[in-house]
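See below for the structure under consideration.
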Amino acid sequence: MAFNNNTQYQTPNPEMDLYSLLNRDPEESTSAAAGQQRRLWVKTRSKAWWEHVSSPDYPDEEFRKAFRMGRATFDMICTELEAAVTKKDTTLRQAIPVRQRVAVCIWRLATGEALREVSRRFGLGISTCHKLILEVCAAIRAVLMPKFLQWPDPARAAAIRAGFEAASGIPGVGGAIYTTHIPIIAPKVSVAAYFNKRHTERNQKTTYSVTLQGVVDPNGVFTDICVGWPGSMTNEHVLQKSVLCQRALAGALADTWVVGNSAFPLTDWLLVPYAHQNLTWSQHAFNEKVGEVQEVAKEAFMRLKARWSCLRKRTEMKLLDLPVVLGACCVLHNICEIRNEGIAPELRFELFDDLIAPDDPIRSPEAVHARDQIAHKLLHHNLAGTNFQ
């Protein structure tokens, strides 16, 4: 199930299968035989780790290491989500506090640890943790995405274009696009569609994945995402399925370039590097500048995956649940970027995604001419790399 950031979707309730029954929520009640009084059975679990972490005396640096953000940002997220995730106490049990609910979700996304470890850390049942993660991710999508991940309005779009032009010299750039893959366990249906041939060949290990396409501004903040398409699809095909492409075809990207790499086609709105042999000086120079813009997007995706380690590990989540979780990670990434939450140096890594050339690399003769004009101006107005001066 694919998801664009302005597409609605529903999060299904976890199935009550044998696994769920064996790891039943410790707060769930059990009933005696018919006619007897209902009793509540509770398995005692230690909340010592969470109580220690959530105490005011816990070192800020350790808190940031656990949740990939400082306390102020974490508290802001809790405040924003409070109305959406708060539950009422019942006669049988007290509701799990909002801060703990949010912490369960963010710690799981940050570490990618198994649900059993999340359960142990927070003193909650495995099925409870699974349910909380999906509920909080859905709340992030409903409450925070409209505030922190939206296609820019005209004022912000103008600022984005100015920012990219100041950095690269290329006029009219409204965003940089990149597509990465999120590993998953082999799905039960449509296995071939999710098989990632390139990753399998490179890593010598059978790999299945879903795609995550995103557009970022000059600061690496996402302005558009499209998630969940099968890993066998190329960047070109994912693009064609996205709301971004629909927006462009409707004329909403007039006079605006989105800069992509060589896995994308050249169109009236998508600017990509020259890919043929024997490039001229101006074409080399143009590719350097496009590469700089592309590096903004690639670096943003690296920080996204570095912060939220769940995106680099094969997840046991169902395919239907993945879009809401991936969307939540992108929203949280934006919040961290906007609030200048850096990432620890040890979390950084070299991001690599295969670039498969599009079937039809040039879609517009007008775009060919426009690209040549940009390349010419970059070189002859001293805006290109010094290697060719």
Plane angle bin for [Y] and [X] - parallel if under 30°, tilted between 30 and 60°, otherwise perpendicular:
{"X": "Phe74", "Y": "Phe67", "value": "tilted"}
{"X": "His376", "Y": "His380", "value": "tilted"}
{"X": "Phe63", "Y": "Tyr58", "value": "perpendicular"}
{"X": "His181", "Y": "His199", "value": "tilted"}

Give a yes or no on whether the backbone of [Y] and the side-chain of [X] come within a donor-acceptor separation of less than 3.5 Å.
{"X": "Ser242", "Y": "Cys245", "value": "yes"}
{"X": "Glu341", "Y": "Arg68", "value": "no"}
{"X": "Gln204", "Y": "Glu201", "value": "yes"}
{"X": "Lys313", "Y": "Thr111", "value": "yes"}
{"X": "Ser54", "Y": "Trp50", "value": "yes"}
{"X": "Arg93", "Y": "Thr90", "value": "no"}
{"X": "Asp153", "Y": "Ala155", "value": "yes"}
{"X": "Asn235", "Y": "Ala263", "value": "no"}

So, are [X] and [Y] salt-bridged, with charged N and O less than 4.0 Å apart?
{"X": "Glu292", "Y": "Lys289", "result": "yes"}
{"X": "Arg99", "Y": "Glu82", "result": "no"}
{"X": "Arg101", "Y": "Glu135", "result": "yes"}
{"X": "Arg121", "Y": "Glu117", "result": "yes"}
{"X": "Asp224", "Y": "Arg247", "result": "yes"}

Calculate, to the nearest 0.5 Å, the distance between atoms [atom1] and [atom2] belonging to [X] and [Y] respectively.
{"X": "Leu109", "Y": "Trp308", "atom1": "CG", "atom2": "CH2", "result": "6.5 Å"}
{"X": "Ser119", "Y": "Ile126", "atom1": "OG", "atom2": "CD1", "result": "5.0 Å"}
{"X": "Asn334", "Y": "Arg339", "atom1": "CG", "atom2": "CZ", "result": "13.5 Å"}
{"X": "Cys336", "Y": "Ile77", "atom1": "SG", "atom2": "CD1", "result": "6.5 Å"}
{"X": "Ile140", "Y": "Leu332", "atom1": "CD1", "atom2": "CG", "result": "4.0 Å"}
{"X": "Gln213", "Y": "Thr211", "atom1": "CD", "atom2": "OG1", "result": "7.5 Å"}

Is it the case that the ring center of [Y] lies less than 6.0 angstrom away from the ring center of [X]?
{"X": "Phe222", "Y": "Phe148", "value": "no"}
{"X": "Tyr178", "Y": "Phe264", "value": "no"}
{"X": "His284", "Y": "Phe286", "value": "no"}

Next on the checklist: How close do Gly175 and Ile160 get, counting heavy atoms only, and between which atoms?
Outcome noted: N-CG2, 4.4 Å
Next on the checklist: Using every non-hydrogen atom in the two residues, find where Phe301 and Gly214 come nearest and quote the distance to one decimal.
Outcome noted: CZ-N, 3.4 Å
Could you tell me if [Y] and [X] have a donor-acceptor pair between their side chains, going purely by distance under 3.5 Å?
{"X": "His333", "Y": "Arg303", "answer": "no"}
{"X": "Thr223", "Y": "Asp217", "answer": "no"}
{"X": "Lys205", "Y": "Thr200", "answer": "no"}
{"X": "Asn196", "Y": "Thr207", "answer": "no"}
{"X": "Gln294", "Y": "Asn261", "answer": "yes"}

Next on the checklist: With heavy-atom distances below 4.5 Å as the criterion, would you say the side chains of Thr280 and Gln283 are in contact?
Outcome noted: yes
Next on the checklist: I want to check something: taking the side chain as every heavy atom from C-beta on, are Leu270 and Pro265 in contact at a cut-off of under 4.5 Å?
Outcome noted: yes
Next on the checklist: Under 4.5 Å between side-chain heavy atoms, counting indirect links through other Ile/Leu/Val/Met/Phe/Trp/Tyr residues: same cluster for Val368 and Leu279 or not?
Outcome noted: yes
Next on the checklist: According to a hydrophobic-cluster definition based on side-chain heavy atoms being under 4.5 Å apart (Ile, Leu, Val, Met, Phe, Trp, Tyr only), do Ile96 and Leu134 belong together?
Outcome noted: yes
Item to check | Ser232 and Lys197: CA distance, side-chain angles, deciding distance, side-chain hydrogen bond (donor to acceptor under 3.5 Å, both in side chains) verdict | outcome: CA-CA 7 Å; Ser232 64; Lys197 182 179 179 182; over 6 Å; no
Checklist entry - Can Trp107 and Trp49 be said to form a ring-ring contact (aromatic ring centres under 6.0 Å, His included), step by step? => result CA-CA 12 Å; Trp107 191 82; Trp49 182 84; 5.7 Å; yes
Item to check | Check against salt bridge (charged side-chain N to carboxylate O under 4.0 Å, His left out), Arg371 and Glu366 | outcome: CA-CA 9 Å; Arg371 180 172 65 175; Glu366 291 79 10; over 6 Å; no
Checklist entry - How far apart are the C-alpha atoms of Leu81 and Val98, what are their side-chain angles, what is the distance that settles it, and do they pass the side-chain contact (heavy atoms from CB on, under 4.5 Å) test? => result CA-CA 8 Å; Leu81 296 181; Val98 170; 5.5 Å; no
Next on the checklist: Taking ring-ring contact (aromatic ring centres under 6.0 Å, His included) as the cut-off, I'd like each qualifying pair that reaches into residues 230-260, sequence neighbours left out, listed once.
Outcome noted: none
